[in-house]
Colleague: 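Below is the structure I would like to discuss, written out as structure tokens.
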Amino acid sequence: MSSRTEKLSSDFKYLQDHILHFDEIESTNAYLLQTDFENGTIVWADFQSKGRGRKKRKWQSPAGHSLLFSIGFNQNLDQIPGFIYTFLSAVAVGEALDSIFSSLKPVLKWPNDILINHKKVCGILVETKANSRELNKVVIGIGLNVNQDENYFRKTELQYGTSLKVQAGKHQDRKNILTKILKALDNNLDLAFKFGSDPILNKWRRMCPYINQGITLIEGEKSVTGKFVDIASDGALLLQIGRHTEKFYAGDVSFDKRSL
Ligand code: BTN
């Protein structure tokens, strides 16, 4: 598990100015959850042997093709609500991709996926460490498919995945994309620390075309279908089922893409 330190060209307010870059690691999220670090530490790996996704799923990617990175925070954690880290990360990835690829139109899917042409290009896993009284760490983990070829997604379980190379039609520079995402993340953290969750949630809403559409929310064995009315001020999904609107805090959204 050897790593090198790489300086970044951007200046950040909340993130460190360098990356800890591993050829291989079990999981960049696990590393930060298990290690003491300086606030805003960024860890990037070319390969993860135990990459993890939401709901205890695996997050696998061939070596050197993706951006697999995490950012750890251990300061000022009581100043913004924990749930907003997920939303501001998704917004940051969406904004960075928008700024690089003017024609790709990345969109957000609740709570934290980024899709292009209805296929998942990026997933985000925010994990925390707390003692009985307070939160000690927040770790944002981002997995972005960059240079996988179309063939890679032919397997049944990956058919709803895509990469930037597939969508943009050419090989992409991972470090350039990483730097742009980190800059957007830093800007959105600043927005959240100065003005709270509302401006982040408003940006998130603008990047989500599924609001006011019919969706199905699946959680374990249960599924509910209704109209995705909005996200609440605490990040919950508001689903109108018949005449009632219910709040959901967990689940996977699926939709009929013909209706969009
Ligand atoms: C999802 O299920 O969509 C979230 C996937 C998050 C994957 C990233 S890759 C970098 C970081 N380290 C991990 O082990 N997981 C996250």
Side-chain angles (χ1 to χ4, degrees), residues 1 3 6 15 19-35 37 40-73 82-83 85-94 96-97 106-116 118-129 137-148 152-153 157-164 174-175 177-179 181-182 185 204 207-208 210 217-220 235 237 249-255:
M1 209 176 75
S3 71
E6 292 173 18
L15 311 186
I19 311 174
L20 209 51
H21 191 164
F22 288 85
D23 294 329
E24 180 174 345
I25 198 171
E26 285 194 355
S27 150
T28 53
N29 267 31
Y31 175 85
L32 284 170
L33 287 168
Q34 289 156 12
T35 323
F37 57 77
T41 292
I42 307 155
V43 178
W44 175 20
D46 289 326
F47 180 71
Q48 294 186 129
S49 53
K50 288 192 186 158
R52 50 205 207 197
R54 287 174 64 227
K55 299 175 182 289
K56 301 200 163 64
R57 293 176 188 134
K58 289 183 185 157
W59 186 266
Q60 289 170 318
S61 182
H65 283 68
S66 306
L67 276 171
L68 308 165
F69 63 103
S70 303
I71 307 109
F73 300 98
F83 82 88
Y85 284 93
T86 297
F87 288 86
L88 68 82
S89 307
V91 165
V93 174
L97 295 184
V107 301
L108 307 184
K109 187 179 112 167
W110 187 87
N112 48 4
D113 288 346
I114 290 96
L115 313 188
I116 298 178
H118 307 292
K119 293 192 166 183
K120 179 163 169 172
V121 72
C122 179
I124 295 167
L125 176 67
V126 176
E127 296 185 276
T128 55
K129 200 171 166 188
K137 283 183 183 178
V138 170
V139 174
I140 299 173
I142 300 181
L144 174 66
N145 297 329
V146 182
N147 283 321
Q148 291 97 326
Y152 176 76
F153 299 101
E157 70 273 19
L158 296 177
Q159 61 182 310
Y160 298 111
T162 191
S163 71
L164 294 174
R174 288 183 302 155
K175 185 111 178 238
I177 298 168
L178 174 60
T179 309
I181 294 174
L182 294 172
L185 194 68
W204 193 97
M207 290 186 204
C208 176
Y210 309 111
L217 189 69
I218 302 158
E219 174 69 347
L237 182 145
Y249 289 91
D252 288 316
V253 169
S254 81
F255 40 79

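Read the numbers this way: they start at 1 and go in the same order the structure lists the ligands and their atoms. Please read all numbers here as calculations on a predicted model, not as lab measurements.
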Colleague: Using modelled atom types only, decide if a donor and an acceptor are shared between the side chain of Trp110 and the backbone of Gly235 within a distance under 3.5 Å.
Modeller: yes
Colleague: Kindly give the heavy-atom pair with the smallest separation between Thr86 and Pro111, and that separation in Å.
Modeller: CG2-O, 3.9 Å
Colleague: Number the atoms of ligand 1 from 1 as they appear, then name those within less than 4.0 Å of a heavy atom of Gly53, with their elements.
Modeller: 1 (C), 2 (O), 4 (C), 5 (C)
Colleague: For Lys55, which part has a heavy atom under 4.0 Å from ligand 1: side chain, backbone, both, or neither?
Modeller: neither
Colleague: Is it the side chain (CB and beyond), the backbone, both or neither of Lys120 that lies under 4.0 Å from ligand 1, heavy atoms counted?
Modeller: side chain
Colleague: Apply salt bridge (Lys or Arg N to Asp or Glu O under 4.0 Å) to residues Glu219 and Lys55 and explain how you reach the verdict.
Modeller: CA-CA 10 Å; Glu219 174 69 347; Lys55 299 175 182 289; 2.6 Å; yes
Colleague: Is ligand 1 under 4.0 Å from a heavy atom in the side chain of Ile142, in the backbone, in both, or in neither?
Modeller: backbone
Colleague: Closer than 4.0 angstrom, basic N to acidic O: yes or no for Asp252 and Arg54?
Modeller: yes
Colleague: I'd like to know if the side chain of Ser61 pairs up with that of Gln48 as donor and acceptor (distance under 3.5 Å, no hydrogens or angles considered).
Modeller: no
Colleague: What residues form a ring pair (Phe, Tyr, Trp, His ring centres under 6.0 Å) with His21, not counting sequence neighbours?
Modeller: Trp44
Colleague: Closest non-hydrogen protein atom to atom 5 (C) of ligand 1, residue and atom name please, with distance?
Modeller: Trp59 CE3, 3.3 Å
Colleague: Specify the protein heavy atom at minimum distance from atom 12 (N) of ligand 1: its residue, its atom name, and the distance to 0.1 Å.
Modeller: Gln48 OE1, 2.9 Å
Colleague: May I ask you to decide if Tyr160's main-chain N or O and Lys120's side chain share a donor-acceptor pair within less than 3.5 Å?
Modeller: no
Colleague: Counting non-hydrogen protein atoms only, what is the nearest one to atom 2 (O) of ligand 1? Give residue, atom name and distance.
Modeller: Arg54 N, 2.7 Å
Colleague: Backbone or side chain, does any N or O of Arg52 fall under 3.5 Å from an N or O of ligand 1?
Modeller: yes
Colleague: Below the 3.5 angstrom mark, is there an N/O of Thr28, backbone or side chain, next to an N/O of ligand 1?
Modeller: yes
